Amino acid sequence: MAAVLLTPLFDSCGARICLGRKIGSGGEGDVYEILSPHSNIVAKIYHKPLSADKQEKLLLMARGCNDELKGISAWPTDVLHAREGGPVIGFLMPEIADYEPVHKVYGPTQRKEIFPHADWRFLVRTAKNLAAAFYVIHKFGYVIGDVNEGNILVNDQACVRLIDCDSFQVRANNRLYYCEVGVAQFTPPEIQKSKDFKMERTANHDNFGLAILIFQLLFFGRHPYSGVYTGKEDMPIEKAIAEFRFAYGKNSPAKSIAPPPNSVGLSVVPSQVAGLFERAFAETGARSAGRPVAGDWWEAFEFLEKRLRRCSADSVHSYYSGLAACPWCRLEESSGLLLFLSADRITKIDLRREWQKVEAINPPGPLPHISPGTFSPGPVPLAPDIVRSLEFRKIRQIAGMAILAGYAVIVLGDMLTDYLTVLPVAIVVAALFLYPGEAAREERRRRTNLDSIRYLWDLWNKKWIAEAGDSAFLLQLNHMRDLKWKYESIERGYRNGLLSLERTIKDRQQKKFLERCSIDNCTVSRIGVGLKNTLKSAGIGTAADITQKKLHGVPQLDNTLTNDLLAWRDKMESNFLFDPTKGIERSDIHALIHKYQPLIKPVERDLLQGIPKLQRIQEDILKKRITLRPAVEKRARELAQAEANFEVFRSTPEELIKREIQGILHPRRFSR
Amino acid sequence: MSDNTHITLPDQQPLGAVTFAENPEPRCPCLLLLDTSGSMAGQPIAELNEGIREFYNELQNDSLAIKRVEVALLSFGPVRTISEFNTAESFFDPQLVADGDTPMGEAILKGIEMIKTRKEQYRANGISFYRPWIFLITDGAPTDEWQHAAAMVREGESAKSFAFFAIGVQKADMKILTQISVRQPVKLQGLKFREFFQWLSNSMKSASRSNPGDRIMLAPPLGWSEI
Ligand SMILES: Nc1ncnc2c1ncn2[C@@H]1O[C@H](COP(=O)(O)OP(=O)(O)O)[C@@H](O)[C@H]1O
C-alpha cells in the first residue's frame with residue numbers, strides 16, 4: 001500500500017490527489033485521508049483491479065451525486081485513476097467522522113458506553129433518521145441491497161449516514177448494476193433461498209432490512225425473528241425469516257414462536273407503528289411493494305415523537321404517552337436490566353450487573369479436612385529380637401515392680417532392720433528398669449522418625465491452610481463489599497445533590513433570569529447613566545444583585561432611589577415565568593459531577609479490577625486443592641503411621657497385652 | 001455461602017437471562033476441547049495458553065464478534081470445565097497446566113453435553129444461534145473408551161447439531177482421530193498454536209458476521225497445518 005501513498009492519483013478532471021493516513025480497511029479496499037486542500041473528503045482505494053462494469057458503475061454514481069445523497073451517505077463524489085485516462089482504482093467520498101455502527105446503538109451494553117446520554121427518544125429519532133436516509137436513496141432510484149448492521153452509522157445526535165455506497169444497486173442507461181452482497185439477518189424471505197445476489201434487488205427488499213433495523217433500535221437489539229420457538233429443530237434467523245416466523249406478530253402463535261423473556265413487544269408503540277411492523281414482516285409484505293416504505297415510517301415517528309412522555313419515577317425513561325404506565329420501569333424491574341443511563345450519571349458501570357458477576361463466583365468453601373486422625377494404620381511389626389527384648393523388658397519391669405512392692409511391704413510393716421539394704425535394692429531396681437536393651441534403640445529410632453515427620457506435616461499443613469484455604473478469598477470478598485458500600489454511598493451523595501438541585505430548581509431559574517436583567521435596561525427615570533455606573537462599580541449589575549442589604553452599602557442612594565430599585569426588581573421578578581420542563585441546568589449538574597466523579601472513579605476502578613482478581617483467587621484455591629492434596633494426604637498418612645509405630649513403646653505393659661489380645665481377635669486391624 | 005447473608009442485593013436475578021437481554025445478538029458457540037495430559041507439559045502447554053490469550057484478544061477487538069462469539073473451554077487430563085460458554089467480554093486467563101492422562105472420550109461426551117445445555121438456554125431465552133463448532137486439540141491418543149464418543153460425534157454431525165474438528169499436535173494418533181472425527185483431522189505444524197488461533201478467530205469473526213446458516217464457512221487451514 002506504500003506505493004499508493006507515495007504516488008499521487010488523479011480525479012476525473014486530471015487534478016492530482018495525494019493520499020494521507022489510512023483510516024479504515026474493508027474486504028474490498030482501504031479508506032484514506034486526502035491531503036489538503038481537500039477537507040472532509042476521503043478516498044477508497046480497491047485492493048484488486050475493478051471490472052469494467054464496476055468502473056462504469058462508480059462513474060455513473062459520481063455523476064449522479066447531489067447534495068441530498070451526500071447529506072446522508074458516503075456517496076462517491078468522483079472516481080480516482082492511477083494515471084490520467086487509466087482505469088478507475090478508487091473513488092472520493094465525503095468523510096464520515098465520529099459515527100458508530102448502528103449495532104452499537106441498538107445493543108444496550110455498547111450504547112450505554114458510547115452514547116451514555118441516549119434515551120428512547122434518541123432511539124426513536126435514530127429510527128426516523130434512518131427512514132429519512134432510505135427515503136433519499138430510493139427517491140433517486142437506487143437500491144441499497146446490502147442493508148446491514150455495520151454499514152449504517154449513527155452519531156451522538158442520532159444522525160444517520162450510510163457507507164459502503166459502492167455496493168448499492170444502480171440503474172442507468174437501461175442497465176442494471178447489481179449489488180452482489182447481502183447479510184442474511186436483513187435479507188427478506190423472498191430472496192432468502194437464493195444462492196447469490198446476482199439479481200435485481202428492489203426497494204421492497206431494502207424496506208425489509210429497514211423494518212428489521214427499526215425494530216432492533218426500538219426494542220433494544222432484539223431481532224424480530226428471534227424468539228422462543230416451540231418446534232424441535234434448530235431455528236436460525238434465516239430459516240425463521242424464510243418461514244415468516246415473526247415472534248412478536250399477531251400471527252406468532254400459529255408460527256409456533258413467542259417473544260423471548262425480558263423483552264417488550266408491539267404494545268409499547270402506537271398502533272400505527274405496530275401496524276407497520278406487522279405489514280413488513282407478514283407474507284403480504286413479500287408481494288411487490290408490500291412493505292411500508294421509508295416515508296411511512298417517517299410519518300409514524302413524527303406522530304410518536306410528539307407523544308413522548310418523561311417518566312415521573314425516572315427522568316431518563318421516555319415513552320409513548322398513549323400507555324398507562326412507563327414500560328421501561330416495568331421491564332427494568334422484571335428483568336434486572338438497566339435500559340438507559342442518564343447523561344448525568346457519574347459512572348458508566350452498572351453496579352448491579354458488576355455485583356452479579358461477583359455473586360457468580362462460587363466461594364471455594366471451607367478447606368477439605370485432612371488430618372493424621374483420619375488414618376488409622378497399624379504399627380510396623382517389631383523385629384523378633386526387639387519383641388523378645390521388649391518382652392524381656394516387660395519381665396524386667398514387672399520384676400522391678402515386684403521387688404519395689406515387696407520392699408515397700410517390708411518398710412510399711414516396720415519390718416525393716418537394716419536401712420543399708422536400701423542402696424543395693426535401689427541399684428537392682430534401677431538396673432532392671434533402665435537397662436537399655438535392643439528395644440530402647442528401636443524406640444529412639446521411632447521417636448526421631450516421628451519428630452521429623454511431624455515437622456514435615458506441620459510445614460505441609462501450613463501450606464495447605466494458607467494456599468488451599470478460603471481465607472484469601474474471603475478477604476478479597478470482604479474488600480469487594482467494602483468497595484461496593486463505598487461506591488453506593490458516593491452515588492447516594494450525588495443523587496441527594498441532584499435532588500436538592502431539583503427542589504431549588506425554581507429559585508435558581510429565577511435567579512438566572514434576574515441575572516439576565518441588566519440595570520442598563522432599567523427605565524426608571526430617576527436612575528440615570530451616572531448612577532447606573534456607580535451601582536455597577538459597587539457590584540450591582542443586574543436585578544439579581546438588588547437586595548436591601550447591598551443597596552445599603554451604596555452611599556449615593558437615598559430612600560426613594562432604594563425603593564425605586566427594589567420596585568424595579570420586583571417588577572422584573574413578576575415577569576419571570578417558571579418553566580418546569582427545563583429541568584436542572586446542565587452547568588449545575590456539571591458542578592456536581594465534577595465534585596463526585598473524582599471520588600467514585602478510584603472506587604469504580606478497584607471494583608472492576610477486583611472481580612477478575614476474586615475469580616483468580618478462587619481458581620487458584622480450587623487448583624491448589626487438587627494439586628496439593630496428594631502431598632498433604634501423604635504427610636498426614638505418614639504421620640499417622642509414625643505415631644502408630646511409636647505408640648507401641650508409649651503404652652503401659654497392660655495396654656500392650658490388651659492390644660496383643662485384640663490383634664489376635666481382629667487380625668486385620670493390625671496386619672499391614 | 002453462609003456469611004453472605006448480611007449483604008442485601010436489590011433483587012436476585014439469574015445472571016444468564018439478564019445477559020441475554022442486554023445482548024440479544026445471535027450467538028456463534030465455539031467449544032475448545034484441550035488436551036492437558038502430561039505429554040503437553042513444557043513448551044506445548046505454554047504455547048497453547050498464549051494462543052488462547054491471543055484468541056480472546058482478537059475477539060475482544062471486534063465489536064460484533066465480542067457480542068456474538070461464545071467460547072467454552074474444556075481441558076482433559078483430567079476432564080475439567082475451564083470456562084462455560086461466554087462472550088469474549090468475560091475472558092479470564094485459563095493458565096492450563098499439563099498433568100494427567102488423556103480421557104478424550106469422556107471429554108468429548110462432556111463437551112457435547114455442554115453444547116446441548118447451552119442450546120437449551122438459547123432456546124429458552126429466544127436467542128438465535130448458529131451451528132456450534134467443536135475443536136478437539138490433542139497430542140496423544142485416548143486413554144479411555146472413545147468408541148462411544150466417536151458414535152456421538154457422528155450422530156451430532158449428521159443431525160447438524162454441531163461441527164466437529166480434530167487438530168493433532170506432534171505425536172498425536174491421527175488414525176484414531178480419523179475414526180473420531182467425521183471431518184478430516186488436521187495436523188498442527190510444530191507448535192503453531194498462535195497461528196491456529198489467529199486463523200480460528202478470523203473464521204469466527206466472519207462467521208459471526210455473515211451467518212453461515214447450514215454451511216460451515218472456514219478458510220483453508222493455511223499457515224499452521226501440515227497440508
Ligand atoms: N466515508 C468514510 N469516512 C470515514 N471512514 C470511512 C468512510 N467509508 C468507509 N470508512 C471506513 O473504512 C472502513 C471500510 O470501508 P467499507 O466501505 O466498509 O469497505 P469494504 O466495502 O471494502 O468492506 C469502514 O469500516 C470505515 O471504518
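Proteins come first, then strands; the chains are lettered A, B, ... in the order of their sequence lines, and each starts at number 1. Values below: every heavy atom of this structure, side chains too, minus hydrogens, waters and symmetry copies. The model shown is predicted, which means the values in this text are computed figures rather than measured ones.
- Neither the backbone nor the side chain of A:Lys239 comes within contact range of chain B; no heavy atoms are under 4.5 Å apart.
- Of the inter-residue distances, the one linking B:Gln95 atom CD with A:Lys623 atom NZ reads 4.5 Å to the nearest 0.5 angstrom.
- Contact detail for A:Pro236 and B:Tyr130: the closest heavy-atom pair is CB-CE2, 4.3 Å.
- Closest heavy-atom contact between A:Arg222 and B:Ile127: NH1-CD1, 4.0 Å.
- Between the side chain of B:Arg123 and the backbone N or O of A:Lys232 there is at least one donor-acceptor pair closer than 3.5 Å.
- A side-chain contact (heavy atoms from CB on, under 4.5 Å) with B:Pro26 is found for exactly one of A:Gln185, A:His223, A:Glu238, namely A:Gln185.
- Counting only distance, with no hydrogens or angles, the side chain of B:Ser128 and the backbone of A:Ser226 share no donor-acceptor pair below 3.5 Å.
- In terms of heavy-atom pairs under 4.5 angstrom with chain B, the leader among A:Pro108, A:Pro612, A:Ala247, A:Gly365 is A:Pro108.
- Contact annotation for B:Ile66: only side-chain heavy atoms (C-beta onward) come within less than 4.5 Å of a heavy atom of chain A.
- Counting non-hydrogen atoms of neighbouring residues, nucleotides and ligands closer than 6.0 angstrom, the CD atom of B:Gln43 reaches no more than 12 such neighbours.
- Here the side chain of B:Lys67 pairs no donor or acceptor atom with the backbone of A:Gln110 at under 3.5 angstrom.
- Both the backbone and the side chain of A:Thr109 have a heavy atom closer than 4.5 Å to some heavy atom of chain B.
- Here CG of A:Asp234 is found 4.0 Å from NZ of B:Lys119. Values are rounded to the nearest 0.5 Å.
- Nearest heavy atoms, B:Gly126 versus A:Pro261: N-CD, 4.4 Å.
- Of all non-hydrogen atoms in B:Asn125 and A:Val228, the two that sit nearest each other are C-CG2, 4.5 Å.
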